[in-house]
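Structure record follows, encoded as structure tokens.
Proteins come first, then strands; the chains are lettered A, B, ... in the order of their sequence lines, and each starts at number 1.
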Amino acid sequence: AQSVTQPDIHITVSEGASLELRCNYSYGATPYLFWYVQSPGQGLQLLLKYFSGDTLVQGIKGFEAEFKRSQSSFNLRKPSVHWSDAAEYFCAVGAKGYSTLTFGKGTMLLVSP
Amino acid sequence: EAGVTQSPTHLIKTRGQQATLRCSPISGHTSVYWYQQALGLGLQFLLWYDEGEERNRGNFPPRFSGRQFPNYSSELNVNALELEDSALYLCASSSGQSASSYNSPLHFGNGTRLTVT
């Protein structure tokens with residue numbers, strides 16, 4: 001069975017500082033990996049996705065993520081955080097032909113001035 | 001294009017009652033997914049409908065049910081409401097027959113906040 005672990009429930013970052021959100025997955029075959037963001041009162045918005053190829057994936061809003069098979073990780077990064085990035089971030093895993101995505105429990109990002 | 005729309009935004013029910021939640025997918029999308037987001041539990045997969053048929057369901061009791069209409073909109077019904085059913089219910093749609101479709105990832109609505117008292 002697939003599983004996703006986001007070890008950090010909350011993270012606080014100063015505005016302008018760099019950000020890395022951790023995601024570890026468990027899946028026997030080649031995973032498809034996603035990062036979604038949820039602002040308060042909103043649904044989830046897709047930031048980026050990885051299916052194959054280049055292990056460094058660029059997404060929207062200046063985010064990127066790196067797939068590391070040896071570490072079963074897909075960490076999300078941003079070089080300089082803006083106050084508007086404060087939100088909850090979810091990592092998800094799927095697979096070819098798999099009908100559903102399995103989500104992590106989310107990491108709440110707080111941005112301090 | 002219009003996104004996934006859900007109604008109502010908020011719903012308050014008492015224990016034992018029934019709740020009906022509605023979802024309209026993005027135009028052209030045939031698949032609708034329902035997720036429950038309870039506090040501290042992340043997103044839990046509930047149901048998947050495609051072309052009017054239930055294709056898969058998560059580990060939820062039978063009192064969680066739904067259907068998909070010919071126009072691909074969907075309804076989630078929760079019978080015999082319990083306090084622990086209080087959560088944000090998210091609907092997502094895609095045009096692929098898989099939530100892992102590269103060209104058609106899941107698009108989410110803003111959810112229905114169900115409160116059971």
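- Closest approach of Gln38(A) and Leu90(B) over heavy atoms only: NE2-CD1, 4.2 Å.
- Gln37(B) touches chain A through its side chain: at least one heavy atom from C-beta onward sits under 4.5 Å away, while N, CA, C and O do not.
- Contact detail for Leu43(B) and Phe90(A): the closest heavy-atom pair is CD1-CE2, 3.7 Å.
- Dense packing is recorded around CZ of Arg63(B), with more than 12 heavy atoms of other residues, nucleotides or ligands lying under 6.0 Å away.
- Using a 4.5 Å cut-off between heavy atoms, Leu44(A) touches chain B through backbone and side chain atoms alike.
- Under the 4.5 Å side-chain heavy-atom criterion for Ile, Leu, Val, Met, Phe, Trp and Tyr, Leu21(B) and Phe108(B) are members of distinct hydrophobic clusters.
- Shown here is Leu110(A), whose CG atom has more than 12 heavy atoms of other residues, nucleotides or ligands within 6.0 Å.
- At a 4.5 Å heavy-atom cutoff, Gln6(A) makes no contact with chain B through either its backbone or its side chain.
- Around the CD1 atom of Ile60(A), the shell of radius 6.0 Å holds more than 12 heavy atoms that belong to other residues, nucleotides or ligands.
- The main-chain N or O of Leu106(B) is found under 3.5 Å from a side-chain atom of Tyr36(A) such that the two form a donor-acceptor pair.
- More than 12 heavy atoms of other residues, nucleotides or ligands lie within 6.0 Å of CG in Asn71(B), so this atom counts as buried by the packing criterion.
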